[in-house]
Amino acid sequence: MQLRYNYRAYPDAAQRRALAQAFGCARVVWNDCLRDRKEAHAAGLPYVTSAELSRLRITQAKRTAERAWLADVSAVVLQQSLRDLDTAYQNFFDSLKNKRQGRKVGPPRYKSKKDTRQSIRLNTNAFSLQAGGTVYVAKVGNLKVTWSRRLPAAPTSLTVTKDSCGRYFLSFVVDTEPDILPGLQTDAGLDLGLSAFAVLSDGRRIDSPRFLRRAEKKLKRLQRDLCRKTKGSKNRARARLKVARQHARVADRRRDFHHKASTRIIRDNQAVYVEDLAVAGLGRTRLAKSVHDAGWSAFVGMLEYKAVKHGRIFARVDRFFPSSQVCSACGFRDGPKPLHVREWTCKACGTVHDRDHNAARNVLFEGRRIVAAGRAETLNASWSAGRTRSKVPAQRVEAGSHRKGQPTQAGIPGL
């Protein structure tokens, strides 16, 4: 399986200039190739191949006066930018042909130098790990890195990223074997919510930290200061950086909370079942800010790939399953209830239920039924697990995906 490991990098002034030039060259190659394909499509001409674009927009462009500065950066950066454009087009075509599940993917768009997040991708020909703990990047130099943990194997690719608040990160993709944990006899159903972040079927509750709500007062003050600054001024740039740093702190704290909670749940249970929530739909309601603050989608994604990594079972329960309407004691369906009803009494057996705990127990029972029936939903990782063999890089966050030729069934890698 593939895992991604992120580390903070600290380039000096000269290295920051070299990285800025690499970001710009990769962006120019992307935009030039995208423009050629759009113009060919508008003129009714055939699709421009990657080989033709590589020859015109990289090899020959370096010999012209307008694009001579493309030779100042590594050729690997330019080629990887063209490959990323090919991947974007392939995702768009697969979405049009309904070969790609989920929300529709639009066509590739032009990149701007004003984008607050910039990145380049490199393969093993353009970077190497040095003995002194630095990372050599071609035509940039040895970057100082804070190694928070050891890499389990030699990396196969590297992504250098500059985020909105000016921080630099090195993201390594590593092919590694799953770390199978000892088997357990426990399983858990999770009911995700807003008043409590998650309620487990055994009655445990994980309180919602509400990182964005706690930082809202300071964010409002910083955003008011930003609005008062003149557009294009250096004061506005400094004020924008302060807002970006505050948002980055909120995102980092939320991610750390998700990782710790998901790791604890996966280590304590052999099987984990979660309701498949429509987060995109809930994000358009009056609860949108609280829904995005909770970060359910990222949390469930962590549970999913950690189940693959540690040999656990993971299954999603259909979002239309009436987990809040069914009595977990006798199975009687008591009908829908408004959100302000947190406790209710079953009309059939008289059991008094806590709404969230009852829903978590129902999710547990439905998850067990799905696993016993051998449904395809018990496949871990993505919906395409075991069906495709496309070489897709790991996600930006530490994410798991299947190794080529090793589909996973019911959370046991290699079966």
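The first residue in the sequence is number 1, and the count goes up from there.
Taking the side chain to side chain contact (heavy atoms under 4.5 Å, CB included) definition, one finds that S112 meets it with K114, D115, sequence neighbours left out. The ring pair (Phe, Tyr, Trp, His ring centres under 6.0 Å) search around W30 returns none, not counting sequence neighbours.
Expressed to the nearest 0.5 Å, how far NE2 of H247 lies from CG of L222 amounts to 8.5 Å. Note: L122 CG to F172 CZ = 10.0 Å, rounded to the nearest 0.5 Å. Atom CG in D191 sits 9.0 Å away from atom CG in N358 (nearest 0.5 Å). Separating the CD atom in Q185 from the CG atom in D187 is a distance of 9.5 Å, to the nearest 0.5 Å. Atom NE2 of H340 is separated from atom CZ of R355 by 9.5 Å, given to the nearest 0.5 angstrom. Between atom OG of residue S128 and atom CG of residue N142 there is a gap of 7.5 Å, rounded to the nearest 0.5 Å.
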Mind running side chain to side chain donor-acceptor pair (under 3.5 Å) on Q118 and T161 for me, showing each step along the way? CA-CA 6 Å; Q118 305 282 346; T161 305; over 6 Å; no
When you look at R4 and T159, which way does the side chain to side chain contact (heavy atoms under 4.5 Å, CB included) test go after all the steps? CA-CA 10 Å; R4 184 177 290 279; T159 303; 3.7 Å; yes
Tell me, with the steps shown, if R17 and Q21 meet side chain to side chain contact (heavy atoms under 4.5 Å, CB included). CA-CA 6 Å; R17 288 193 294 269; Q21 189 174 13; over 6 Å; no
I'd like to know whether F169 forms a side chain to side chain contact (heavy atoms under 4.5 Å, CB included) with V145, so could you lay out the CA-CA distance, the side-chain angles of the two residues, the decisive distance to 0.1 Å, and finally the verdict. CA-CA 9 Å; F169 292 93; V145 184; over 6 Å; no
Audit row: S328, N362, side chain to side chain donor-acceptor pair (under 3.5 Å) steps and yes/no: CA-CA 6 Å; S328 59; N362 286 328; 4.8 Å; no
Show, in sequence, the C-alpha distance, side-chain angles and deciding distance for S50 and L53, and conclude whether the side chain to side chain contact (heavy atoms under 4.5 Å, CB included) test is met. CA-CA 5 Å; S50 299; L53 289 176; 5.6 Å; no
Under the criterion side chain to side chain donor-acceptor pair (under 3.5 Å), I'd like the reasoning laid out for K99 against N91: C-alpha separation, chi angles, the key distance, then a yes or no. CA-CA 9 Å; K99 294 182 179 180; N91 292 337; over 6 Å; no
Could you walk me through whether R312 and N269 pass the side chain to side chain donor-acceptor pair (under 3.5 Å) test, one step at a time? CA-CA 8 Å; R312 302 306 200 196; N269 298 279; over 6 Å; no
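The two residues G133 and W147 come nearest to each other via the heavy atoms O-NE1, 2.6 Å. Nearest heavy atom pair, residue S262 against residue M302, reads OG-CB, 3.8 Å. Residue G183 comes nearest to Q270 through the heavy atom pair CA-OE1, 3.4 Å, listed as atom of the first residue, atom of the second, then distance. When every heavy atom of V363 is checked against every heavy atom of G189, the shortest pair comes out as CG1-CA, 4.3 Å. Listed here is the closest heavy atom pair of Y110 and K38: OH-CD, 3.8 Å. The minimum heavy-atom distance between A153 and V174, with the atom names listed, is CB-CG1, 3.6 Å.
No more than 12 heavy atoms of other residues, nucleotides or ligands lie within 6.0 Å of NZ in K217, so this atom counts as exposed by the packing criterion. Counted within 6.0 Å of NZ on K111, heavy atoms from surrounding residues, nucleotides or ligands total more than 12; the atom is thus considered enclosed. The local environment of NZ in K242 is sparse, with at most 12 non-hydrogen atoms from other residues, nucleotides or ligands closer than 6.0 Å. Residue-environment remark: NZ (K113) stays at or below the threshold of 12 foreign heavy atoms within 6.0 Å.
At distances below 3.5 Å, not a single donor-acceptor pair connects side-chain atoms of K144 with backbone N or O atoms of P11. Under the 3.5 Å distance criterion, the side-chain polar atoms of K306 are matched with a main-chain donor or acceptor of H259. A donor-acceptor contact shorter than 3.5 Å links the side chain of Q15 to the backbone of D12. Y7 places a side-chain N or O within 3.5 Å of a backbone atom of R149 that can act as its donor or acceptor partner. Between the side chain of T156 and the backbone N or O of V173, at least one donor-acceptor pair lies under 3.5 Å. At least one donor-acceptor pair closer than 3.5 Å links the side chain of T285 to the backbone N or O of L282. Between the side chain of S233 and the backbone N or O of R236, at least one donor-acceptor pair lies under 3.5 Å.
A heavy-atom distance below 4.5 Å is found between the side chains of D268 and R204. Looking at V243 and R240, their side chains never come closer than 4.5 Å, going by heavy atoms from C-beta outward. Contact check for V160 versus L170: side-chain heavy atoms found under the 4.5 Å cut-off. Using a 4.5 Å heavy-atom cutoff, the side chains of V352 and W344 are not in contact. P178 is not listed as a side-chain neighbour of H310, based on a closest heavy-atom distance of 4.5 Å or more. Looking at heavy atoms from C-beta onward, R213 lies in side-chain contact with K289 at the 4.5 angstrom threshold. A heavy-atom distance below 4.5 Å is found between the side chains of Y273 and R368. Within the 4.5 Å cutoff, no side-chain heavy atoms of V274 are placed close to those of V317.
Counted by atom type alone, E52 and S54 present zero donor-acceptor pairs between their side chains at under 3.5 Å. Using a 3.5 Å distance cut-off with no hydrogens or angles, the side chains of K337 and S324 do not pair a donor with an acceptor. In this model, a donor atom of one side chain and an acceptor atom of the other lie less than 3.5 Å apart for R238 and N235. Looking only at atom types and distance, the side chain of S323 has no donor-acceptor partner in the side chain of E366 under 3.5 Å away.
Using a 4.0 Å cut-off between charged nitrogen and carboxylate oxygen, K97 and D94 do not count as a salt-bridge pair. Salt bridge present: R342 and D356 bring a charged side-chain N and a carboxylate O closer than 4.0 Å. With salt bridges taken as basic N to acidic carboxylate O contacts below 4.0 Å, none links R210 and D293. Ion pairing between a basic and an acidic side chain is recognised when a charged N comes within 4.0 Å of a carboxylate O; D252 and R245 show no such pairing. Look at R253 and D256 and you find no salt bridge, because none of the NZ, NE, NH1 or NH2 atoms lies under 4.0 Å from a carboxylate O.
Taking the six-membered ring for Trp and thresholds of 30 and 60 degrees, F93 and Y89 have ring planes inclined between 30 and 60 degrees apart. Below 30°, between 30° and 60°, or above 60°: for F23 and Y168 the angle between ring planes is below 30°, a parallel geometry.
Taking the ring centroids of F197 and H258, they lie under the 6.0 Å cut-off.
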